[in-house]
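Working notes for the structure below.
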Amino acid sequence: MSAELWGRVDDYIVDRLVDEDAALADALQANAAGGLRPIDVSAAQGKFLHLLVRMSGARRILEVGTLGAYSTIWMAKALPAGGSIVTLEYEPHHAEVARRNIARAGYAERIEVRVGAAAETLPLLAAEQLEPFDFVFIDADKPSNTVYLDWAIKLGRPGTVIVLDNVVRDGQVANAESRDPNVLGSRGAFELIAANPRLSATALQTVGAKGYDGFAVMILD
Ligand code: SAH
Ligand code: DHB
Ligand code: MG
């Protein structure tokens, strides 16, 4: 089976089921024009996040790793009235492109982009003692996965849904010999999740337009 076939099937799925609107398509164009690497979630994955937000009834979302806010906008489209997103991004240029995409999509009032290393902005967020987050999407530097999971737990509440992107890594997650820092970040996340009795989780392998990877999905008890 080839990446080309996975891409064709993703096209088939997206053509029929995934309503990528102008705001989302424009965001991808602006990302490319701004020189951002095309490592956003795929359209089918963005719709999946959107559905998870709707299914969980989430009102307050935290995202770690904004890039150009493609995933952010997919999730924003699922929010009920009064819902909001805080999204954390290290690169000022990514945040600038993201803020423009968010404004163009009409979500400037509901999505806040905070710039800085998430390991530094997460404790600041916690210190504000805002309401807990209902949904957390973690998709930033993979070696810090366990740091971000710890903060997601602290900033969540019983019932909070946490989704962690890129955990399968072309299957390398099952390679105990790997010294790739991203694979080690993924394996560390699995160990943390397995050891925490408050987390009920699974992970799904995915193929598609973005290759072979996967998500971990969990709920906080
Ligand atoms: N969620 C986005 C893709 C994010 S790509 C989407 O699907 O559309 C990963 C992002 O995490 C990049 O923009 C990268 O700059 C950012 N990042 C990397 N290290 C980070 C850190 N320490 N803190 C916050 N963001 C970080
Ligand atoms: C990379 C990061 C991602 O979040 C992703 O979904 C795909 C690739 C990367 O850093 O290469
Ligand atoms: Mg990702």
Side-chain angles (χ1 to χ4, degrees), residues 3 6 10 18 20 23-32 34-50 52-53 61-78 85-102 105 107 111-125 135-152 162-173 180-186 189 203-217:
W6 303 341
D10 244 8
V18 178
E20 194 189 54
L24 287 160
D26 288 354
L28 291 182
Q29 280 214 340
N31 289 356
L36 274 53
R37 288 168 62 221
I39 56 172
D40 345 64
V41 292
S42 70
Q45 291 166 349
K47 180 73 180 282
F48 176 64
L49 290 173
H50 169 97
L52 286 179
V53 169
I61 299 175
L62 172 64
E63 179 178 60
V64 185
T66 317
L67 191 67
Y70 181 76
S71 53
T72 329
I73 294 168
W74 264 118
M75 294 190 287
K77 288 157 59 68
I85 304 182
V86 176
T87 183
L88 308 179
E89 173 54 51
Y90 178 71
E91 292 287 344
H93 176 58
H94 296 183
E96 188 187 307
V97 173
R99 286 191 181 114
R100 276 203 301 271
N101 288 338
I102 288 165
Y107 292 110
I111 302 174
E112 185 189 352
V113 183
R114 295 195 181 190
V115 181
E120 287 166 26
T121 53
L122 283 162
L124 295 175
L125 194 58
F135 191 100
V136 183
F137 179 48
I138 300 173
D139 189 21
D141 51 317
K142 313 310 172 188
S144 302
N145 275 342
T146 54
V147 174
Y148 303 151
L149 279 170
D150 276 333
W151 281 108
I162 304 170
V163 178
L164 180 62
D165 196 20
N166 309 118
V167 297
V168 173
R169 313 211 66 87
D170 284 316
Q172 284 306 302
V173 69
D180 176 337
N182 293 325
V183 173
L184 293 173
S186 184
L204 293 174
Q205 305 185 61
T206 57
V207 295
K210 298 282 163 133
Y212 172 31
D213 213 325
F215 291 106
V217 180

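Both ligands and their constituent atoms are indexed starting at 1 by order of listing.
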Could you go step by step and tell me if Thr206 and Val168 meet the side-chain contact (heavy atoms from CB on, under 4.5 Å) rule? CA-CA 8 Å; Thr206 57; Val168 173; over 6 Å; no
Begin from the C-alpha positions of Glu20 and Tyr70 and carry the test side-chain hydrogen bond (donor to acceptor under 3.5 Å, both in side chains) through to its verdict. CA-CA 11 Å; Glu20 194 189 54; Tyr70 181 76; 2.5 Å; yes
Decide side-chain contact (heavy atoms from CB on, under 4.5 Å) for Leu36 and Glu91; before the verdict, give the C-alpha distance in whole Å, the side-chain angles of both, and the deciding distance to 0.1 Å. CA-CA 10 Å; Leu36 274 53; Glu91 292 287 344; over 6 Å; no
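In this structure a side-chain-to-backbone donor-acceptor pair under 3.5 Å is present from Asn145 to Lys142. Thr66 places a side-chain N or O within 3.5 Å of a backbone atom of Leu88 that can act as its donor or acceptor partner.
Set against the non-hydrogen atoms of Asp165, the atoms of ligand 2 under 4.0 Å away are 6 (O). Heavy-atom proximity to Arg37, at under 4.0 Å, picks out these atoms of ligand 2: 9 (C), 10 (O), 11 (O).
The side-chain heavy atoms of Arg114 and Leu125, taken from C-beta on, include a pair separated by under 4.5 Å. Considering only heavy atoms from C-beta on, Val115 comes within 4.5 Å of Arg99 through its side chain. Asp165 has its side chain out of reach of Asp213: every pair of non-hydrogen atoms, C-beta onward, lies at least 4.5 Å apart. Within the 4.5 Å cutoff, the side chain of Ile39 has heavy atoms near those of the Leu67 side chain.
With respect to atom 2 (C) of ligand 2, the closest heavy atom belonging to the protein is Ile39 CD1, 3.7 Å. Closest protein heavy atom to atom 4 (O) of ligand 2: Asp139 OD1, 2.6 Å. Among all protein heavy atoms, the one lying closest to atom 3 (C) of ligand 2 is Asn166 OD1, 3.2 Å.
Salt bridge absent: Asp40 and Arg37 never bring a charged side-chain N and a carboxylate O closer than 4.0 Å.
Protein contacts to the Mg ion (ligand 3) involving N, O or S atoms at a distance below 2.8 Å are Asp139 OD1, Asp165 OD2, Asn166 OD1.
Contact between Lys210 and ligand 2 is absent, with no heavy atom of the residue lying under 4.0 Å from the ligand.
More than 12 non-hydrogen atoms from other residues, nucleotides or ligands lie less than 6.0 angstrom from OH of Tyr212.
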Could you list each N/O atom of ligand 1 together with any protein N/O atom closer than 3.5 Å, one pair per line with the distance?
unit_1	atom_1	unit_2	atom_2	d
ligand 1	1 (N)	Gly65	O	2.9
ligand 1	1 (N)	Ser71	OG	2.9
ligand 1	1 (N)	Asp139	OD2	2.8
ligand 1	7 (O)	Val41	N	2.8
ligand 1	7 (O)	Ser71	OG	3.2
ligand 1	7 (O)	Asp139	OD2	3.4
ligand 1	8 (O)	Ser71	N	3.1
ligand 1	8 (O)	Ser71	OG	3.3
ligand 1	13 (O)	Leu67	N	3.3
ligand 1	13 (O)	Glu89	OE1	2.7
ligand 1	13 (O)	Glu89	OE2	3.2
ligand 1	13 (O)	His94	ND1	2.8
ligand 1	15 (O)	Glu89	OE2	2.6
ligand 1	15 (O)	His94	ND1	3.2
ligand 1	19 (N)	Asp141	OD1	3.3
ligand 1	22 (N)	Asp141	OD1	3.3
ligand 1	22 (N)	Tyr148	OH	3.3
ligand 1	23 (N)	Ala118	N	2.9
ligand 1	25 (N)	Tyr90	N	3.2

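By the 30° and 60° cut-offs, the orientation of the rings of Phe215 relative to Phe137 is tilted.
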